[in-house]
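Residue indices begin at 1 and follow the sequence shown.
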Amino acid sequence: MSEIKEDQNKAALEHLASKDYNEKLPVWIHPDGYTVIRNSKIGTCPRELWAYWKGIEPAGSGYRGSRIDQDGQVGAIDSDPASEGHFHEAQIKQKLLAAGWKLDGYEVEFMLAIGSDIRIIGHADMGSAICPVTGTDYVGEIKTMGAKAFAAFLEDGWETVPTYPVQLSVAMLALKKPGIVWIKNRDNG
């Protein structure tokens with residue numbers, strides 16, 4: 001492995017180790033009385049959001065604040081898809097830096113007020129991703145997909161993951177800048 005690749009992997013692992021994880025439910029009431037909706041749930045089923053708002057876990061939502069281990073299953077891998085995605089995210093950031101992108105504001109929190117009593121709160125992968133060619137400052141997001149999902153995305157575009165552009169749009173409105181998304185096929189890089 002080349003020295004540059006080793007440095008990128010080391011930096012990616014360090015970034016991964018320092019990443020904060022949000023353990024809050026998708027919808028909750030802030031102590032100041034307004035309703036908070038996590039940006040990661042924007043664009044999903046409104047009934048699911050309503051159920052969380054009312055303190056009911058939606059049927060089949062499968063939401064868990066912590067990882068689910070697969071103990072006792074022959075051949076099972078004890079894996080957390082979110083952690084795997086964060087690892088790939090860190091690798092992509094290192095590649096972008098090596099390509100001259102200026103990245104800052106990792107996991108910057110943003111808030112978008114909807115009326116007087118609802119706030120959408122989220123975290124951008126990069127609050128600032130400055131293109132080395134144009135100098136444009138973007139809100140940067142990184143998404144990873146398995147081979148099948150990636151092939152479907154290439155075939156059908158955002159229809160396969162309709163929540164992604166909605167969530168990015170919220171971040172763009174909140175941070176008042178254009179957005180950019182990098183998508184990685186995590187099965188083959």
Side-chain angles (χ1 to χ4, degrees), residues 1-23 26 38-45 48-49 58-101 103 105-108 122-127 129 131-133 138-172 178-189:
M1 185 181 315
S2 74
E3 191 172 315
I4 292 172
K5 181 84 169 164
E6 285 180 30
D7 288 345
Q8 287 178 347
N9 284 341
K10 181 180 177 190
L13 288 170
E14 287 171 0
H15 174 70
L16 178 63
S18 67
K19 188 171 178 85
D20 289 332
Y21 291 87
N22 186 338
E23 298 290 330
R38 287 175 62 171
N39 192 50
S40 60
K41 291 307 262 182
I42 294 299
T44 61
C45 175
E48 181 181 357
L49 292 176
S61 72
Y63 177 78
R64 301 287 183 270
S66 59
R67 63 185 274 182
I68 301 169
D69 294 333
Q70 301 173 1
D71 294 332
Q73 295 181 18
V74 175
I77 298 172
D78 184 15
S79 178
D80 176 16
S83 290
E84 183 180 347
H86 295 315
F87 175 74
H88 289 284
E89 173 188 317
Q91 287 184 322
I92 292 168
K93 286 178 182 175
Q94 294 308 310
K95 288 181 179 185
L96 289 169
L97 288 167
W101 284 80
L103 308 178
Y106 296 144
E107 299 307 309
V108 67
H123 295 84
D125 292 334
M126 292 154 281
C131 177
V133 176
Y138 296 97
V139 175
E141 280 295 316
I142 296 171
K143 302 294 184 185
T144 65
M145 302 174 180
K148 283 184 177 182
F150 191 77
F153 176 77
L154 290 178
E155 180 73 25
D156 298 321
W158 292 117
E159 290 179 23
T160 61
V161 283
T163 59
Y164 288 179
V166 175
Q167 293 162 8
L168 180 61
S169 295
V170 170
M172 291 165 53
I180 190 166
V181 178
W182 290 274
I183 299 177
K184 177 183 181 183
N185 177 338
R186 64 178 171 256
D187 292 335
N188 67 16

side-chain contact (heavy atoms from CB on, under 4.5 Å) evaluation trace for M126 with Y106: CA-CA 5 Å; M126 292 154 281; Y106 296 144; 3.7 Å; yes
Which atom of G140 lies closest to which atom of W182, heavy atoms considered: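 Smallest interatomic distance, heavy atoms only, reads CA-CZ3, 4.1 Å.
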Please list every donor-acceptor pair under 3.5 Å in which a side-chain atom of residues 158-168 meets a protein atom from a residue at least two apart or in another chain.
| from | atom 1 | to | atom 2 | distance (Å) |
| --- | --- | --- | --- | --- |
| T160 | OG1 | G157 | O | 2.9 |
| Q167 | NE2 | S40 | O | 2.9 |
| Q167 | NE2 | I42 | O | 3.3 |

For residues D187 and N185, report the shortest heavy-atom separation together with the two atoms involved.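 Residues D187 and N185, closest heavy atoms: N-OD1, 2.9 Å.
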Matching residue for T144 among R186, H88, E89 - test: side chain to side chain donor-acceptor pair (under 3.5 Å):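 Looking at R186, H88, E89, the match for T144 under the side chain to side chain donor-acceptor pair (under 3.5 Å) is R186.
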Nearest heavy-atom neighbours spanning V108 and G127: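 What the structure gives for the nearest pair is CG1-CA, 3.3 Å.
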As an exercise, state the distance from CG of L154 to CD1 of I183, rounded to the nearest 0.5 Å.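 Rounded to the nearest 0.5 Å, the CG-CD1 separation comes out at 8.5 Å.
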Where is the tightest heavy-atom contact between P132 and A99, given as atom of each residue plus distance?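 In this case the closest contact between P132 and A99 is CG-O, 3.7 Å.
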Nearest 0.5 angstrom please: L49 CG to R38 CZ, how far?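 Reported value, rounded in 0.5 Å steps: 11.5 Å.
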Please report the interatomic distance CG(L97) to NZ(K95), rounded to the nearest 0.5 Å.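 Atom-to-atom, L97:CG and K95:NZ are 12.5 Å apart.
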E107 versus D125: any side-chain heavy-atom pair under 4.5 Å?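 They are in side-chain contact.
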Quick check: closest heavy atoms across P26 and K41, and the distance to 0.1 Å?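 Nearest pair, atom of P26 first, then K41: CB-CG, 3.2 Å.
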I180 CD1 to I142 CD1 distance, which is reported to the nearest 0.5 Å: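 Rounded to the nearest 0.5 Å, the CD1-CD1 separation comes to 10.5 Å.
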Residue list, side chain to side chain contact (heavy atoms under 4.5 Å, CB included) with C131, at least two apart or on another chain: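 For C131 the side chain to side chain contact (heavy atoms under 4.5 Å, CB included) partners, ignoring immediate neighbours, are W101, V133, T134, Y138.
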Report the residues that fulfil side chain to side chain contact (heavy atoms under 4.5 Å, CB included) with A151, sequence neighbours left out, ordered by chain and then residue number.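 Result, side chain to side chain contact (heavy atoms under 4.5 Å, CB included) vs A151: none returned.
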Measure the CE-NZ distance between M145 and K184 for me, rounded to the nearest 0.5 Å.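 Between atom CE of M145 and atom NZ of K184 there are 13.5 Å.
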